Amino acid sequence: MADNKRPETMERITTEALAQAFIDEQIKAIREQVGDKKVLLALSGGVDSSVVAALLIKAIGNNLVCVHVNHGLLRKGEPEMVIKVFKEELGANLIYVDAVDRFLDKLAGVDDPETKRKIIGKEFIDVFAEEAGKLDGIAFLGQGTIYPDILESDGVKAHHNVGGLPEDLQFELVEPVKFLYKDEVRVVGKTLGLPDNMVYRQPFPGPGLGVRCVGAITRDRLEAVREADAIVREEIDKMDPTPWQYFCAIPDFQSTGIKDGKRYMGWAVVVRAVNTVDAVTAESVEIPWDMLKRIRDRIIETVPGVNRVLWDISDKPVSTIEWE
Ligand code: XMP
């Protein structure tokens, strides 16, 4: 498709000056495309949707309607950050949907990873479509498609699990960053004034902590993954350079611990840090021993239900990056 090919003359956006020229050009193009109509955007807080939101806010202000769905599988502080940056600082027209119970009820007892992904993907579309149905006058759908999505998957945002929107929600798409590579999206985000922890955020899977709470998700183990993940990120953030991706998972088994002279069963947190170019192969990153010990102590002392911390030193292949 000709309009899905990056123009050969397009210069790589490597500086804020080039990014500013791109932003000015896109603001004009967006205004031409949508006029005074409304655009709907699913805003996850990831780099791509955040940059598209910031661009659209500049171009059409409150005619952009952002929907942030909290499915309960986001990392600690993420929904709060989306609200702070977009609603409070950028004045976005933002609808926050607390769908935590709905997702977790649907996922209860489901232990097959692909079934979990499908449920999360389908539920997300249902929630988004319901919110869209409540709104009047939406004519366009904003999307954070980037160039690798087009190259890899025929123009569909490559989140393994998310299908298309239902028939009655087939809006015309607004995809202002569809010819950009990830590094270019980051320069544009930085130039738009988005915070560094949003712009340089490590990749985070669409099904979120759902695939890191290994096996059937329970609310207590999910909270433990969320708390432990916040500690792992806070500590490994201090590495320079930081690894490409770093997180933890909690498998669905318990092992023996000892407290106040008594044996008890608790979960094991698995710490993982990898470097990769394209996520097709990956190498385990060496985490300094002092940092690992600090991670261990903080997790054991503060995360309820955890009595063991493990370090996953496997490469991909044969291990995948995620645990499921
Ligand atoms: P694996 O585990 O397959 O992961 O080695 C490779 C990269 O893909 C991410 N990942 C996902 N991203 N939806 C996503 O959007 C998913 O279902 C999913 N599964 C894995 C993973 O975090 C890693 O960066």
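Atoms within each ligand, like the ligands themselves, are counted from 1 in listed order. Predicted model, so just to flag it, every value in this text is computed and none were measured. For reference, positions follow the sequence shown, starting with 1.
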Sub-4.0 Å atoms of ligand 1 with respect to non-hydrogen atoms of Lys316: 1 (P), 3 (O), 5 (O), 6 (C)
Which of the numbered atoms in ligand 1 are under 4.0 angstrom from any heavy atom belonging to Trp244? 24 (O)
Counting only N and O atoms by type, is there a donor-acceptor contact under 3.5 Å from the side chain of Glu235 to the main-chain atoms of Met291? no
I'd like to know if the side chain of Asn275 and the backbone of Glu283 have a donor-acceptor N/O pair within less than 3.5 Å. no
Is Asp229 salt-bridged to Arg233, cutoff N-O under 4.0 Å? yes
Between Lys28 and Glu25, is there a salt bridge with N-O shorter than 4.0 Å? no
Looking only at distance, does Gly206 have an N or O less than 3.5 Å from an N or O of ligand 1? yes
Who's closest to atom 11 (C) of ligand 1 heavy-atom-wise, of Gly121, Gly210, Pro205, Pro113? Pro205
